[in-house]
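Notes follow once the structure below has been shown.
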2 protein chains.
Amino acid sequence: MDGSGAGRPPAASLAHRVPDLGALELLLAVARLGSLGGAARELGITQPAASSRIRSMERQLGVALVDRSPRGSRLTDAGALVTDWARRVVEAAEAFDAGAQALRDRRDSRLRVAASMTIAEYLLPGWLIALRSRRPDTAVSLLAGNSAVVAERLLAGEADLGFVEGLSVPSGLDSVVIAHDRLILVTAPGHPWARRRRPMSARELASTPLILRETGSGTRQVLDVALGGLARPLIELSSTTAVKAAAVSGAGPAVLSELAVGEELSLRRLVTVPVDGVALRRDLRAVWPTGHRPTGPARELLSLTRA
Amino acid sequence: MDGSGAGRPPAASLAHRVPDLGALELLLAVARLGSLGGAARELGITQPAASSRIRSMERQLGVALVDRSPRGSRLTDAGALVTDWARRVVEAAEAFDAGAQALRDRRDSRLRVAASMTIAEYLLPGWLIALRSRRPDTAVSLLAGNSAVVAERLLAGEADLGFVEGLSVPSGLDSVVIAHDRLILVTAPGHPWARRRRPMSARELASTPLILRETGSGTRQVLDVALGGLARPLIELSSTTAVKAAAVSGAGPAVLSELAVGEELSLRRLVTVPVDGVALRRDLRAVWPTGHRPTGPARELLSLTRA
DNA sequence: GCAGAGGCATAAGCTGGGTTTATGGCCGAG
DNA sequence: CTCGGCCATAAACCCAGCTTATGCCTCTGC
């Protein structure tokens, strides 16, 4: 929701209006346990600290969040709503943490993963959260790069498991398809194309100006190949986020990875336009050096991804 | 990812491992502007403060995020990845803020909205963010409740615009359909049903134990009506989140609002199972007292929702 | 009834992270 | 070669949040 170059933040920045992560976590714990003191114990702080923190959060938001009674605390109606919004923030923070933790340990971790950007950005954090709940003591390290980089690291023995989203599998590697990613054509719901029911043909698509990533990006390559090198840019932007923002604002139709726009679609900020006869589906694959079938934590991670 | 009663947080809580919102915002500003000082100016802090904050974030994460040079700063590869994860946290925080701000002003705001829970939880924050970018000075207040409550407030003149997701429109109100929400049948990707291609019939669905919300919840009501009051619970849980968590963990198939599982679907943590001959689609409607067609900010919000 | 346990609030004192102001070094442009 | 933009370091300050220490309330069980 940024990167468009417009829209400065309104006034005092977010951080002054949104409670910090600790407070949000505390609120979730209170919701789950039904008690301030219990939540405090779970987070390893004292009961007065929890009490004061919830109170200051209520002051900050201007809304009563919990009903306190001498035998426990329940969320108010507003509190339930706030807690749901808080949960989304905390989940995003968990994904951040999982990714960052993997990025941290540069070399010597037990499980070294190399992944393409799209996978590292959208899928890997979720897998790592799941992995952590099964094998809490597995340290994972992550290296992000294109298919060639992933292959190189695997073959050099510097990574145990790789993930690529290319059209072909680099030689010297075995692979399994773990999922599919489609590039999809999307527009803002107000755009004329949004109501279109007849699928768009490849020729039609190739002859229409689109909001695109810059030439050279993985997404753009796939589209160019699928259309026969013909994609016509309406605007070229240098990040997926910028493309999304432009499309949402109604600047035009865009082609993006399904993974990148899942939320926008379910919230109807964007809608898909059917396309026919264009191979916009690409495989997401786990890869490893031929022969070196994944074992141990790598095998565990792999099984999570294929779910 | 919570509410399941299992899974305690690993160790030192998230807040100690994830930079605070201010730092994440700062990182986004640096990414966008290509300069620490510039980002500092935008956020209204001094350059050394920004410098130190970015540095301490790098220390915390154990990863270099920006390449500093005497003529600007660029993100490192890892920094780009971290920034993308950070953006998701900040976006969730923006939604939180938009919702909380609306919840705050109890009575006297310029635009008073009454909405059902599902809409208030998933859709409204996004609309409010959009509204704020068009009419920055419109103060919105929010009241969440079921259809009856929404109708009552509108008719009492205590709300200007309402949103309901019921099967029928309360009498005395005019309405427009602004979107559709479907209840969908979902399972973890590993579940046998995940591979099913032939749609499931209503009878089949009614005779299979499902993970469900408790009787009385809106979602459950719709399902019971659609199936003729026959839904068989495998487990009954008291929150959408708990149902999601159970389904993701493979406990069984669940029926949930499409809005609630958008992300899980695009990340393939859940997959849909086709269902046939069951009216699981429900209208989401904007409502207002008959005759009092929305004007001013209410009209603006309404137009945003129909996009 | 009464005592004990569980739950929340208030008060006082401490600590640390984040800020500011002040200053210096580095690099490219004119 | 000097000026301007950008970043780093140092020192002083301030406040948010934590802890410890109490007190009050309510429900339960004897």
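Residue numbers begin at 1 in each chain, while the letters A, B, ... track the order of the sequences. Values in this document were obtained by computation on a predicted structure and should not be read as measured data.
Between chain B and DNA chain D, the heavy-atom contact criterion of under 4.0 Å yields a 5' to 3' nucleotide range of D:dG5 to D:dT9.
To the nearest angstrom, C1' of C:dC8 lies 13 Å from CG of A:Asp67. Atom CZ in B:Arg59 sits about 10 Å away from atom C1' in C:dG17, given to the nearest Å. What separates CD of A:Glu58 from C1' of C:dC8 is a distance of 13 Å, to the nearest Å. Between the C1' atom of C:dC8 and the CG atom of A:Leu26 lies a distance of 14 Å, rounded to the nearest Å. Rounded to an integer number of Å, the gap from CD1 of B:Ile45 to C1' of C:dT21 is 15 Å. B:Ile54 has its CD1 atom 13 Å from the C1' atom of C:dG18, to the nearest Å. Protein atom CD of B:Gln47 is 12 Å distant from nucleotide atom P of C:dT21, rounded to whole Å. Atom C1' of nucleotide C:dC8 and atom CZ of A:Arg41 are separated by 12 Å, given to the nearest angstrom.
Considering only side-chain atoms of B:Arg71, the nucleotide from C:dA11, C:dG18, C:dG28 that sits closest is C:dG28. Listed candidates were C:dC26, C:dG18, C:dC8. Nearest to the side chain of B:Ser56 is C:dG18.
Heavy atoms of A:Thr46 sit under 4.0 angstrom from at least one base atom. Residue B:Ser73 is in sugar-phosphate contact alone, with no base atom involved, counting any heavy-atom pair closer than 4.0 Å across all strands shown.
Counting heavy atoms of neighbouring residues, nucleotides and ligands inside a 6.0 Å radius, atom CZ of A:Arg135 does not exceed 12 of them.
To the nearest 0.5 angstrom, A:Ile129 atom CD1 is 8.0 Å from A:Asp97 atom CG. Here the OG1-CD distance, from A:Thr76 to A:Glu58, works out to 7.5 Å after rounding to the nearest 0.5 Å.
Counting only distance, with no hydrogens or angles, the side chain of A:Arg68 and the backbone of A:Ser73 share no donor-acceptor pair below 3.5 Å.
By the 4.5 Å heavy-atom criterion applied to side chains, A:Arg132 and A:Thr138 are not counted as neighbours. Between A:Thr241 and B:Asp84 the shortest side-chain heavy-atom distance falls below 4.5 Å.
The pair B:Arg88-B:Glu263 counts as a salt bridge, with a side-chain nitrogen and a carboxylate oxygen less than 4.0 angstrom apart.
Within the 4.0 Å cut-off from OP1 or OP2 of C:dA9, at least one side-chain nitrogen or oxygen of A:Ser51 is found.
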